[in-house]
Each structure stands twice: as C-alpha cells, then as structure tokens.
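Atoms considered below: every heavy atom in the structure, side chains included; atoms not considered: hydrogens, waters and symmetry mates.
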Amino acid sequence: MKVLLTGATGFTGSSTLTVLLDRGVSVRCFVRRTSNIANLVKADVEIAYGDLNEPQTLRKALEGVDALVNIASLGFGHAPGIVWAAREAGIQRAVFISTTAIFTQLNAESKKVRLAAEKAIADSGLMYTILRPTMIYGGPRDRNICRLVRYIEKYPVIPVFGDGRHLQQPIYVQDVSAALDGALRSDETCGKAYNIAGANAISFNELIDTVAGKLKKRIRRVHLPAGIILRSMRLFERSGLKLPISSEQVQRLNEDKSFSYSDAAGDFGFAPITFEDGIQREIEAIRSLE
C-alpha cells in the first residue's frame, strides 16, 4: 500500500509516519515549501510539495497512491478541497483526524467549521474513516501537557480556573498513530466515525496531581473563580492582548471531556494506555532532551 500523508511534519504526523514506515507502508508526504522537512529527509520518504489552500496541488500529489491519511487540521475550511482532490485523483480510501471538540457546548466558530468538514467527508462518496481524538499529548512537541509539566517543574503553586473537577481524558500520541494505522487496515471502519481517548478519565485536579507525583514535586492548587477570570480574559482579548491561554480554553477546562472508545476497540482493537503511564513516558522524553 502507498499512502499520502498530510501533516507529516507535525506532532501527531511525525508519530504516525514512524508507525506506517515500521509496518512497511510506502509513504508520500504532502508538505508546504516552507515546512521543516529535516525529519522527513532522514526517514527517506517521498515528498510532494503543495498547499491545502491550493487543492490542485493535493490532487497532483495523490496520483499513484492507494489511500489518503489526513492529519492536517480540518479546522481551517480545507475539507471540501481535500474531498475534491481525492475524488479527482480516483482515491477511494481515506482516513481523517477530526476532534472530540466538536461536542463542546460552546458556540465556537471552530466547532462549526469542523462539523461542516465532517459532513463534507461523510457526503463525499469516499471509503472514509474519521477519528476524533481528545487532547493529544506525549512529548516535548505537545502544546498542552508538556507546558503543564514545565510549569510544575518550576513553580510550587498552580492556578486552577474553576473547581478542577471536570473530567479530562487525554490520549497519548502513539495511541492516536496506532488508531490511524488500525483504522486504515480495517474495512470495518469504512463509512464510520470514532471517538478515541486515553484509557481513563480523570479530573483536572487529579491530572495536575498525577503530573506532580511523577515529577516528585509538591504542588499547591489555588482555585480561582472561573467567571471572574473569563470576564477579565475577554476584556484583554478584545483589546488585542495575546494571553498564554485563551478564554475558550478556560471554558473548555470547565466542561467534562470523557468519551467512550468502545466502538474503536471493537472494530479495530483500539487499546490506549492510561494517563499515568503516558505522562511517565512524556516526562522521560522531555528529560532525554535536557
């Protein structure tokens, strides 16, 4: 099998590239001219240059491949162009990464774009599979849990916006890559969408305490009223000030984000690791670079 992989230079894409190559899949990577392709050169994979804003470049890159694995975000309105390119190139099999963020109760613009993307894929006529991971973590390149690890390493007190009791279920990056590979290999997954998540749901308080425990750090959580914090953040955001986290992220922390992955387990053997195991691996990966 020969696969075209989008998002190959990103955090999840890099992990997925390794999994596909280890399984003997021939991979062509679709990248922008401005992308850092050093790791792709080392992996000795085929490279096709283009841009998702120019669907004709994707269509050309899809020539001669058997399947599309699209890890590039669906949150920027590219889905119709991707679907067009795949159909024009005669591609039938395609696996897409979406996100469980489509289930947020917030009236976020990104939610509307991603829901429209999933509909475009579902209506495409392709033999598609959509995977919706929760928050992905697992190394120095992750933009969420890694920042928390760095913070706890430096400071003895951490602010928590709200009561910290809402459930989180982060997924380890290699479990996402294994799910992509498993879904690609299973005909059972065609025409379906799956939620994929870490093995266990834990509260944000427990998440902080687990990270601190693995770091052997004593940490004190200081709970701040989410409502007051959100009003202040929105004021700053309207003034154009860029904050370390957005008001939407704070709101999302105060939503339960736990999901069943039983369909994925049944259809293609999805079996994620626990957060305790995953954060241990992440800390080891971070420290290996120090």
Side-chain angles (χ1 to χ4, degrees), residues 11-12 15-16 19 71 97-106 129-153 158 160-183 186 189 192-221 223 226 245 249-287:
F11 174 50
T12 305
S15 174
T16 301
V19 168
I71 298 177
I97 284 285
S98 182
T99 171
T100 54
I102 64 168
F103 299 111
T104 180
Q105 297 302 305
L106 303 181
T129 305
I130 297 172
L131 298 181
R132 305 186 189 111
T134 52
M135 180 174 63
I136 304 171
Y137 74 102
R141 293 183 68 190
D142 99 48
R143 295 178 294 178
N144 298 294
I145 301 298
C146 183
R147 292 169 65 185
L148 180 64
V149 171
R150 298 291 194 193
Y151 185 95
I152 292 175
E153 283 182 321
I158 184 168
V160 178
F161 306 131
D163 60 22
R165 296 176 184 173
H166 291 278
L167 295 176
Q168 320 291 315
Q169 201 169 351
I171 182 170
Y172 191 63
V173 65
Q174 291 180 4
D175 286 336
V176 179
S177 300
L180 281 159
D181 180 50
S186 172
T189 69
K192 296 181 182 179
Y194 299 89
N195 299 329
I196 54 173
N200 55 315
I202 58 176
S203 72
F204 189 54
N205 291 333
E206 292 172 317
L207 188 151
I208 291 170
D209 293 345
T210 300
V211 174
K214 291 295 183 181
L215 291 170
K216 296 182 170 53
K217 295 281 186 177
R218 297 187 65 177
I219 192 81
R220 185 166 75 91
R221 292 181 268 107
H223 294 271
I245 61 173
Q249 286 175 303
V250 172
Q251 287 179 285
R252 289 279 290 141
L253 281 174
N254 285 278
E255 285 187 319
D256 282 331
K257 297 187 289 295
S258 61
F259 296 89
S260 170
Y261 52 82
S262 58
D263 288 344
D267 284 358
F268 57 93
F270 177 65
I273 63 175
T274 65
F275 181 72
E276 186 173 6
D277 287 342
I279 195 59
Q280 180 64 49
R281 296 183 191 183
E282 171 149 357
I283 290 169
E284 290 172 359
I286 292 170
R287 286 178 171 168

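Within the structure, the salt bridge (Lys or Arg N to Asp or Glu O under 4.0 Å) test picks out the following pairs touching residues 131-144 (sequence neighbours left out): Glu118-Arg132.
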Distance-only check: which donor-acceptor pairs under 3.5 Å involve side-chain atoms of residues 144-152, not counting sequence neighbours?
{"unit_1": "Arg147", "atom_1": "NH2", "unit_2": "Pro244", "atom_2": "O", "d": "2.8"}
{"unit_1": "Arg150", "atom_1": "NH1", "unit_2": "Glu290", "atom_2": "OE2", "d": "3.2"}
{"unit_1": "Tyr151", "atom_1": "OH", "unit_2": "Val157", "atom_2": "O", "d": "3.0"}

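For the pair Val176/Ile97, a side-chain contact is recorded, criterion being any heavy-atom separation below 4.5 Å from C-beta on. The shortest side-chain heavy-atom distance between Asn200 and Gln169 does not fall under the 4.5 Å cut-off. Counting heavy atoms from C-beta outward, Tyr261 and Ile171 have side chains that stay 4.5 Å or more apart. Here the side chains of Glu276 and Ile202 are not in contact, with every heavy-atom distance at 4.5 Å or above. Considering only heavy atoms from C-beta on, Phe161 comes within 4.5 Å of Val250 through its side chain. Annotation: side chain of Ile196 is not in contact with side chain of Thr134 (no heavy-atom distance under 4.5 Å).
Scanning for salt bridge (Lys or Arg N to Asp or Glu O under 4.0 Å) contacts around Glu284 gives an empty result, with sequence neighbours left out. With sequence neighbours excluded, no residue forms a ring-ring contact (aromatic ring centres under 6.0 Å, His included) with Phe11. Under the salt bridge (Lys or Arg N to Asp or Glu O under 4.0 Å) criterion, Lys217 pairs with no residue, sequence neighbours left out. With sequence neighbours excluded, no residue satisfies side-chain hydrogen bond (donor to acceptor under 3.5 Å, both in side chains) with Asp163. Qualifying salt bridge (Lys or Arg N to Asp or Glu O under 4.0 Å) partners for Lys257, counting only residues two or more places apart in sequence or in other chains: none. Partners of Phe268 under the ring-ring contact (aromatic ring centres under 6.0 Å, His included) rule, at least two apart in sequence or in another chain, are Tyr194. Listed by chain and number, the residues in a side-chain hydrogen bond (donor to acceptor under 3.5 Å, both in side chains) with Glu282 amount to none (sequence neighbours excluded). Checked against side-chain hydrogen bond (donor to acceptor under 3.5 Å, both in side chains), Thr129 has the following partners two or more places apart in sequence or in another chain: Arg93, Thr189. In terms of the ring-ring contact (aromatic ring centres under 6.0 Å, His included) criterion, Phe204 has no residue partners (sequence neighbours excluded). Under the side-chain hydrogen bond (donor to acceptor under 3.5 Å, both in side chains) criterion, Arg252 pairs with Glu255, sequence neighbours left out.
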### Test log, rule side chain to side chain contact (heavy atoms under 4.5 Å, CB included), inputs Leu215 and Arg287
CA-CA 11 Å; Leu215 291 170; Arg287 286 178 171 168; 3.6 Å; yes

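Remark: Asp263 does not engage Lys192 in a salt bridge, criterion side-chain N to carboxylate O under 4.0 Å.
No donor-acceptor distance shorter than 3.5 angstrom exists from the side chain of Asp181 to the backbone of Ser177, with no hydrogens or angles considered.
Taking the six-membered ring for Trp and the full ring otherwise, the centers of Tyr172 and Phe275 sit at least 6.0 Å from each other.
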